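Each remark here refers to the structure printed beneath this line.
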4 protein chains.
Amino acid sequence: MVNKVILLGNLGKDPIVRRTENGVAVATFSLATSERYKDKDGNPQEKTEWHNIVLWRGLAEVAEKYLHKGDKVYIEGKLTTRSYEQDGIKKYVTEVVADTMNMLTPKGGSGGSSNIPPPPMEEPPYAIKTPVGSTVNEEIPPATEPDDLPF
Amino acid sequence: MVNKVILLGNLGKDPIVRRTENGVAVATFSLATSERYKDKDGNPQEKTEWHNIVLWRGLAEVAEKYLHKGDKVYIEGKLTTRSYEQDGIKKYVTEVVADTMNMLTPKGGSGGSSNIPPPPMEEPPYAIKTPVGSTVNEEIPPATEPDDLPF
Amino acid sequence: MVNKVILLGNLGKDPIVRRTENGVAVATFSLATSERYKDKDGNPQEKTEWHNIVLWRGLAEVAEKYLHKGDKVYIEGKLTTRSYEQDGIKKYVTEVVADTMNMLTPKGGSGGSSNIPPPPMEEPPYAIKTPVGSTVNEEIPPATEPDDLPF
Amino acid sequence: MVNKVILLGNLGKDPIVRRTENGVAVATFSLATSERYKDKDGNPQEKTEWHNIVLWRGLAEVAEKYLHKGDKVYIEGKLTTRSYEQDGIKKYVTEVVADTMNMLTPKGGSGGSSNIPPPPMEEPPYAIKTPVGSTVNEEIPPATEPDDLPF
DNA sequence: TTTT
DNA sequence: TTTT
């Protein structure tokens with residue numbers, strides 16, 4: 001079974017970083033991927049998709065330190081959907097849980113970085129406790145190669 | 001900007017195929033990707049994600065003819081989210097609009113293929129008219145190579 | 001930096017499995033991906049690419065036990081090139097070092113599985129000792145999710 | 001069958017652009033993807049892979065105009081291997097024929113751009129006429145969506 | 001031959 | 001809400 005998402009786009013806002021009671025970091029942000037195309041009259045159009053990104057542990061720490069509104073990032077992850085209830089209505093959120101991140105905005109660049117503290121209550125997607133899957137790429141022990149190859 | 005999803009999983013049901021007024025085919029189905037892992041007590045667990053797949057034109061026609069419940073398919077596409085109103089409530093659906101499909105269940109295989117007609121009312125995701133993006137891989141004119149290479 | 005290869009094709013022969021002096025397993029095989037297209041005269045053509053696949057450790061063990069000539073597999077990995085000398089001539093081989101493998105041929109299927117022992121000398125690519133990179137997906141400790149999410 | 005390569009790295013040199021007798025543009029360059037890891041003694045190491053990239057038609061024209069040594073690009077393409085004879089010895093080259101390219105170095109950036117004319121004779125990989133496959137993403141007519149969706 |  |  002394969003479940004892989006590859007995105008390269010820009011952050012709509014600074015990441016929001018929280019920690020679990022055990023101190024595990026979780027960062028969330030939305031990422032825009034825009035596509036230019038021509039409509040049937042030949043006029044140039046742009047369509048933007050917004051993706052909910054979730055990063056755990058090491059990746060969340062990196063996001064907290066270095067990622068800002070407007071920054072360009074490459075994300076590789078898994079598509080996941082979770083549900084929660086709001087005002088008695090069941091809602092679904094689809095998120096991309098990142099396992100690889102690559103920051104593409106040069107340091108000192110982008111500016112942006114609004115340091116206004118996040119609102120006390122988040123948008124619906126993140127309002128309810130629910131398990132979410134993740135793998136942090138940077139924590140994976142790099143499989144070092146044996147020196148004694150058989151070929 | 002890159003927006004790519006790669007899935008390899010099994011169909012939860014037979015595809016549902018509709019046509020626009022212009023006769024353009026659209027197929028939809030949900031696709032399961034399961035992941036086995038061990039929980040913190042070391043017990044094997046399985047977690048299944050369900051993905052909403054949308055195919056247009058040629059890919060929809062192929063799906064209509066050959067895809068059945070339980071079949072294994074490889075899908076490459078784009079992540080898209082659209083919204084609709086239901087009972088006065090705005091709802092969001094995230095879908096994968098396929099541009100490449102690869103059927104992995106050998107012909108005559110899989111069985112399954114429940115021919116029970118689909119319910120009169122679909123799940124929320126497909127209940128409302130909304131524009132959705134798509135590219136059908138098979139309709140792309142294969143770029144044939146010139147014979148007179150410069151190297 | 002991103003270096004990712006995604007292949008879905010068929011094994012040309014049974015895998016060849018070796019072990020380093022430390023007992024680490026390495027499996028190699030070639031994988032065919034075929035593409036159908038029409039030439040400029042509209043005649044259907046097929047073009048097959050052969051890829052050198054390398055699997056380490058757990059993945060190699062799985063390949064040894066379950067993979068056979070003709071089997072269909074999904075492979076995700078890294079593109080790597082290494083060089084070696086043969087008869088005083090420097091040669092280069094490009095390989096895909098897998099970090100994920102998904103076997104798509106149902107058990108008992110495929111047939112094929114020629115049990116003819118591999119030739120004493122392999123094709124050039126695997127004739128010389130050289131370091132090769134790898135990560136075995138199955139050995140990665142699955143990042144279990146904390147129960148105490150902050151949202 | 002799936003044959004996909006995804007790379008994000010830096011150009012080692014300016015692209016070399018040629019044209020076939022029919023005026024079709026072909027650009028080639030090598031792309032570095034570097035990976036940082038720690039060796040078994042815990043010392044940080046870097047390993048760089050060099051990939052041979054080939055772009056056709058529209059993508060080649062874009063590369064010619066905008067890509068320079070050192071620039072960062074995202075490439076999506078196919079793995080292909082071709083052979084040629086040199087001094088009576090058969091040689092193989094593995095290339096990535098791009099079908100999507102995304103330039104990630106901001107305009108006016110990178111500088112580099114050594115305008116030293118390319119040597120009269122290229123490295124072995126490009127010395128011999130051979131057919132190579134390609135699809136230029138930008139030439140694909142964007143599948144416009146019908147307004148009359150059936151759902 | 002690149003980049004961080 | 002981003003970016004080109």
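The model shown is predicted, which means the values in this text are computed figures rather than measured ones. Just so we're on the same page: letters track the sequence lines, and every chain starts at 1.
- Protein atom OH of Tyr74(A) is 22 Å distant from nucleotide atom P of dT3(F), rounded to whole Å.
- The listed nucleotides are dT2(F), dT3(E), dT1(E); the one nearest the side chain of Trp50(A) is dT2(F).
- Residue Asn10(A) has its side chain nearest to dT2(F) when only dT3(E), dT2(F), dT1(F) are considered.
- Judged by distance alone, the side chains of Asp39(D) and Gln45(D) do bring a donor and an acceptor atom under 3.5 Å apart.
- By the salt bridge (Lys or Arg N to Asp or Glu O under 4.0 Å) test, Lys72(A) is found to be paired with no residue, residues two or more places apart in sequence or in another chain being considered.
- Nearer to the 5' terminus of DNA chain E, by closest-nucleotide assignment, is the contact made by Leu31(D) (compared with the other of Lys72(D) and Leu31(D)).
- You'll find a donor-acceptor pair under 3.5 Å spanning the side chain of Thr48(A) and the base of dT2(F), going by distance alone.
- Between the side chains of Glu35(D) and Tyr37(D), no donor N or O sits under 3.5 Å from an acceptor N or O.
- In this structure, the nucleotide among dT2(E), dT1(F), dT4(F) sitting nearest to the side chain of Arg36(A) is dT4(F).
- Note on Glu46(A) versus Arg36(A): salt bridge recorded, some NZ/NE/NH1/NH2 to OD/OE distance being below 4.0 Å.
- The side chain of Glu46(A) lies closest to dT4(F) when the candidates are dT2(E), dT4(F), dT4(E).
- Counting to the nearest Å, the P atom of dT1(F) and the CG atom of Asn52(A) are 15 Å from each other.
- We find that CD1 of Ile16(D) is positioned 14 Å from P of dT1(E), with the value rounded to whole Å.
- One can place CG of Asn3(C) at 18 Å from P of dT4(E), the figure rounded to the nearest angstrom.
- Across the protein-nucleic acid pair, Phe29(A) atom CZ and dT2(F) atom C1' stand 12 Å apart, rounded to whole Å.
- A straight line from NZ of Lys65(A) to P of dT4(E) spans 20 Å, rounded to a whole angstrom.
- Summarising the geometry, the separation between CD on Glu49(D) and P on dT2(E) is reported as 16 Å, rounded to the nearest angstrom.
- In this structure, the nucleotide among dT2(E), dT2(F), dT1(F) sitting nearest to the side chain of Lys13(A) is dT1(F).
- Residue Leu7(A) contributes atom CG, which lies 21 Å from atom P of dT1(F) at whole-angstrom precision.
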Inset, instruction - Apply side-chain contact (heavy atoms from CB on, under 4.5 Å) to the pair Leu7(D) and Ile53(D), showing each step before the final yes or no. - result: CA-CA 10 Å; Leu7(D) 301 172; Ile53(D) 310 297; 3.8 Å; yes
